[in-house]
Amino acid sequence: QVQLVESGGGLVQAGGSLRLSCAASGRTFSSYVLGWFRQAPGKEREFVTAITRYGDIIDVTDSVKGRFTISRDNAKSALYLQMNSLKPEDTAVYYCAAGQRWSKSIDDYAYWGQGTQVTVSS
């Protein structure tokens with residue numbers, strides 16, 4: 001089992017950057033596939049990007065390609081999301097999640113953080 005806590009969200013102007021972090025507890029952190037999802041007001045939670053146990057990036061949703069980068073540090077039990085060139089449409093609550101296999105479906109991730117709010121002003 002793993003517990004996840006996100007941080008690093010906030011208010012930023014369009015074109016700015018933020019780095020989200022997800023701290024994990026649990027000795028099996030390195031065995032999980034990790035993902036970032038987001039949920040904008042009135043919309044369903046959507047996949048953003050995910051990374052394998054070994055640090056290979058699984059996929060990146062088209063709307064953030066070239067702007068967002070996922071990474072992990074298994075020694076620190078940490079997951080990161082570097083977000084550059086932010087746009088107002090990136091405004092959402094961002095969640096980190098852990099699962100046993102790579103997937104873009106929220107149903108395949110058993111563990112979730114509480115989310116961190118990212119607001120991008122125009």
Would S30 and N74 count as a side-chain hydrogen bond (donor to acceptor under 3.5 Å, both in side chains) here? Give the steps. CA-CA 5 Å; S30 62; N74 288 337; 5.1 Å; no
List the residues meeting side-chain contact (heavy atoms from CB on, under 4.5 Å) with R19, not counting sequence neighbours, and say none if there are none. Y80, Q82
By side-chain contact (heavy atoms from CB on, under 4.5 Å), which residues pair with S121, not counting sequence neighbours? L11, Q13
Restricting to non-hydrogen atoms, name the atom on S122 and the atom on P88 that form the minimum distance, rounded to 0.1 Å. CB-CG, 3.9 Å
Tell me which one of L18, L20, V5 satisfies side chain to side chain contact (heavy atoms under 4.5 Å, CB included) with T116. L20
Answer yes or no: is there a donor N or O on one side and an acceptor on the other, between the side chain of R53 and the main chain of S31, under 3.5 Å? yes
Are side-chain heavy atoms of L34 and F29 found at a separation under 4.5 Å? yes
For S17 and S85 the tightest heavy-atom approach is OG-N, 4.3 Å
Rounded at 0.5 Å granularity, tell me how far CD1 in I57 sits from OG in S71. 8.0 Å
Set out, in order, the CA-CA distance, both residues' side-chain angles and the distance that settles salt bridge (charged side-chain N to carboxylate O under 4.0 Å, His left out) for D90 and K87, then state yes or no. CA-CA 5 Å; D90 295 319; K87 304 176 180 180; over 6 Å; no
Are W112 and L81 linked, directly or through intermediate hydrophobic residues, by side-chain heavy-atom contacts shorter than 4.5 Å (ILVMFWY only)? no
Backbone N or O of A24 within a donor-acceptor pair of the Q3 side chain at under 3.5 Å? no
Under the 3.5 angstrom rule, does the side chain of E6 hit a backbone N or O of S21 as a donor-acceptor pair? no
Is the closest side-chain heavy-atom distance between F68 and L86 below 4.5 Å? yes
What about Y94 and V60, same hydrophobic cluster or not, with Ile/Leu/Val/Met/Phe/Trp/Tyr joined at side-chain heavy-atom distances under 4.5 Å? yes
Taking the six-membered ring where the residue is Trp, are the ring centres of W36 and F47 under 6.0 Å apart? no
Please answer: with hydrophobic residues joined when any side-chain heavy atoms are less than 4.5 Å apart, are I106 and V93 in the same cluster? yes
Give the C-alpha distance, both sets of side-chain angles, the deciding distance and a yes or no for ring pair (Phe, Tyr, Trp, His ring centres under 6.0 Å) between Y95 and Y109. CA-CA 11 Å; Y95 299 88; Y109 289 83; over 10 Å; no
Out of curiosity, does Y111 fall in the hydrophobic cluster containing L79 (side-chain heavy atoms, cut-off under 4.5 Å, transitive links)? yes
Value rounded to 0.5 Å, distance of CZ in R72 from OH in Y32: 11.0 Å
Spacing of Q1 atom CD and S25 atom OG [to the nearest 0.5 Å]: 8.5 Å
Nearest atoms (heavy-atom pairs only) where R101 meets V33: C-CG2, 3.8 Å
Roughly how far, to the nearest 0.5 Å, is CD of Q114 from OG of S7? 8.5 Å
M83 reachable from I70 in the ILVMFWY side-chain graph, under 4.5 Å edges: yes
Residues that S63 engages under side-chain contact (heavy atoms from CB on, under 4.5 Å), provided they are two or more places apart: R38, T61
Gap between atom OG1 of T49 and atom NZ of K65 - 0.5 Å precision: 9.5 Å
Ignoring hydrogens and angles, tell me if any N or O in the side chain of T91 forms a donor-acceptor pair with the backbone of V120 under 3.5 Å. yes
Any side-chain heavy atom of L4 within less than 4.5 Å of one from V2? yes
